[in-house]
Amino acid sequence: MKYDYVIIGNSAGGIGCVEAIRELDVDSSVLVISAEKYHAYSRALIPYYLDGKIEFEKMYYRPPDFYEKMDVETKLGVRAVGVDVEAKKVLLENGEEVEYGKLLIATGGKPFIPPMEGLGGQSNVFTFLKMDDVLAVEKAIKEAKKAVVLGGGIIGLMASEVLAKKGLDVKVVELADRVLAPVVDEPTSRIVERKFEENGVEIILNNTISKVVGEEKVEKVILRDGRELEADMLLVAVGVVPNVDIVKNTPIKVNRGIVVNRKMETSVKDVYACGDCAEIYDFVFGANRVLPLWPTAYTGGRIAGFNMVGIEREYNLATSMNAMHFFDYYIINAGLNVPNDSEEFEVIYRLEGDSYRKFALKDGRIAGFIIAGKMERAGIFLKLMEEGIDVSSFKEKLLKDNFGFLDIPEPTRWKLIEDKIKLGVVREI
């Protein structure tokens, strides 16, 4: 069967695309294909579900009748395994072929599993990325007492926190010399490590798992330095890589992810990509790179949807951004992760106890920032960065806990809030 629009992926990017298409085109046929059987849900809520803070039904990203109301057909629980760009067909694992007029690839990411001797098929080895993962972990922790988590990134630490709160003895093994190394700077990493240690989670740095012991179930792991850790559960959270398998053996250009322009177009006509599987333009970095962020995926999907319908739009303000918290310690960062002793950037920061503020400036403009601990008005800093505002004249004020719009000189202040003004009334910022 042929559809005007086919979307591969049932997460943020796919939803964004559907909504953009239906804003402009209510008559054309749309099909969503997803390897997962579940209705669109928020993966960001997975740790909160496991922690008991949110009910299963509250994880859905849109109401259960969303696709019906949007007049969109779905093939959920069916994996797309290939794309024939010459015939404009999507190939499904059940042998079915679907023709498309315009195609969006929003296949997301997949867990990276590093090679480990003895690993393969054990029932108590898990990843922590999708709904099925968290449901399997939820079942397993009822009988587990000791957990080893491989990976000290965002996913690994979020999973470790929940497991610790469930009463498990948790050990995190991280290859780098600090946790969250690609995401935040060293001072932030050290604070986070301390928070985990204070809550009974052991952080093992500069190490990795070299061997897994146990056939049907993992019984223990042996680290690179020879140390042995007993484990009733092994959770692998080393990282996520773009899921680009579907475009193998096609002319669609792939670097680390599927390469797209600012219209979310791939190198092949009528084929678009967004989300964790794509490389998009980072306005701070000044080049294309993978930005595995939920808001970026949704916005990218919307930009793709508009262009698929024929309304030209570009995504010009994407950059790395994370909002996270561990044991009630909150962190927001955006832009480039710059060390404090950088020679290329001017770095200003203030560290008082666990309260930390840092800004990396390039030619007077914010290239990256970290706000940790006290969390107020972080959106202002992102706005300053997006607008490319020269903050040289008030840079020291950025470090204030209560920094606000009144600390920004006029007319810069009005430039930032002009889109919030209507009929002389300033709306909520």
Side-chain angles (χ1 to χ4, degrees), residues 152-154 157 176-195 239 256 279-293 295-296 299 315-326 329-405 407-409 412-413 415-416:
I154 295 175
L157 293 185
D177 61 354
R178 58 188 177 90
V179 299
L180 300 173
V183 182
V184 299
D185 63 358
E186 184 171 355
T188 312
S189 294
R190 300 309 178 201
I191 295 172
V192 172
E193 289 165 7
R194 187 166 65 249
K195 294 295 181 183
R256 184 162 174 253
E279 286 188 10
I280 68 173
Y281 182 77
D282 182 329
F283 79 95
V284 175
F285 192 72
N288 274 41
R289 62 174 182 157
V290 177
L291 294 174
L293 306 166
T296 303
T299 303
Y315 197 177
N316 294 318
L317 292 177
T319 192
S320 176
M321 182 175 63
N322 294 283
M324 60 196 114
H325 63 88
F326 307 105
Y329 183 72
Y330 289 80
I331 305 166
I332 293 179
N333 72 308
L336 303 181
N337 182 19
V338 176
N340 288 357
D341 58 355
S342 172
E343 296 182 358
E344 181 180 357
F345 297 86
E346 178 186 3
V347 178
I348 59 173
Y349 66 92
R350 178 173 63 83
L351 175 60
E352 295 179 357
D354 290 343
S355 179
Y356 184 50
R357 288 190 169 220
K358 169 185 170 179
F359 296 86
L361 309 181
K362 180 77 170 179
D363 299 324
R365 292 163 174 80
I366 299 175
F369 67 84
I370 298 173
I371 310 293
K374 295 181 179 179
M375 201 65 54
E376 293 183 12
R377 303 187 181 99
I380 299 177
F381 306 122
L382 185 62
K383 184 72 171 176
L384 289 167
M385 189 165 65
E386 289 176 345
E387 296 291 337
I389 300 296
D390 188 337
V391 301
S392 301
S393 65
F394 59 97
K395 61 184 180 183
E396 297 302 329
K397 293 183 178 181
L398 299 174
L399 300 177
K400 293 170 50 179
D401 284 336
N402 61 347
F403 177 86
F405 275 98
D407 293 301
I408 302 173
T412 303
R413 184 193 318 160
K415 179 180 178 181
L416 289 174

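Side chains of Phe394 and Asp407 form no contact here, defined as non-hydrogen atoms less than 4.5 Å apart. Using a 4.5 Å heavy-atom threshold, the side chains of Asn333 and Thr188 count as separate. Between Ile371 and Tyr330, every side-chain heavy-atom pair lies at or beyond the 4.5 Å cut-off. In this structure the side chain of Ile331 never reaches within 4.5 angstrom of the side chain of Tyr356, judged on heavy atoms. Side-chain contact between Ile380 and Phe405 is present, with heavy atoms from C-beta onward closer than 4.5 Å. Put simply, the side chain of Val184 reaches to within 4.5 Å of the side chain of Met324, judged on heavy atoms. In this structure the side chain of Leu398 never reaches within 4.5 angstrom of the side chain of Tyr349, judged on heavy atoms. The shortest distance between side-chain heavy atoms of Lys362 and Leu336 does not fall below 4.5 Å.
When all heavy atoms of Ala372 and Tyr329 are compared, the pair lying nearest together is CB-OH, 3.2 Å. The nearest pair of heavy atoms linking Ala287 to Tyr281 is N-CE1, 3.7 Å. The minimum heavy-atom distance between Asn316 and Phe283, with the atom names listed, is O-CB, 3.3 Å. Nearest heavy-atom pair, Ser342 versus Glu344, reported as atom, atom and distance to 0.1 Å: OG-N, 3.2 Å. Shown here for Val284 and Gly335, the closest heavy-atom pair between the two residues is CG1-CA, 4.3 Å. Nearest heavy-atom pair, Lys397 versus Phe403, reported as atom, atom and distance to 0.1 Å: O-CD1, 3.1 Å.
Of the possible polar contacts, one joining the Glu279 side chain to the Arg256 backbone as a donor-acceptor pair under 3.5 Å is found. Within the 3.5 Å criterion, the main-chain N or O of Gly388 finds a donor-acceptor partner in the side chain of Arg365. In this structure, the side chain of Arg357 engages the main chain of Asp401 through a donor-acceptor pair within 3.5 Å. Side chain of Arg178 to main chain of Arg190: no donor-acceptor pair is present (N/O by atom type, distance under 3.5 Å, no hydrogens or angles). Between the Asp185 side chain and the Pro339 main chain, no donor and acceptor come within less than 3.5 Å of each other. A donor-acceptor distance shorter than 3.5 angstrom exists from the side chain of Ser189 to the backbone of Val179, with no hydrogens or angles considered.
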Evaluation steps, side chain to side chain contact (heavy atoms under 4.5 Å, CB included), between Leu293 and Asn322: CA-CA 8 Å; Leu293 306 166; Asn322 294 283; 3.7 Å; yes
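Annotation: the span from Ile348 atom CD1 to Leu399 atom CG amounts to 4.5 Å, rounded to 0.5 Å. Atom-to-atom distance recorded for Glu387:CD and Ile366:CD1 is 11.5 Å, nearest 0.5 angstrom. The structure places CG of Leu317 at 9.5 Å from CE of Met385, a figure rounded to the nearest 0.5 Å. The distance from atom CZ of Arg350 to atom CD of Glu396, rounded to the nearest 0.5 Å, is 11.5 Å. To the nearest 0.5 Å, atom CG of residue Asn337 and atom CZ of residue Phe369 are 12.5 Å apart. To the nearest 0.5 angstrom, Thr412 atom OG1 is 5.5 Å from Ile389 atom CD1.
Atom NZ of Lys400 sits in a crowded spot, with more than 12 heavy atoms from other residues, nucleotides or ligands closer than 6.0 Å. Counted within 6.0 Å of CZ on Phe285, heavy atoms from surrounding residues, nucleotides or ligands total 12 or fewer; the atom is thus considered open.
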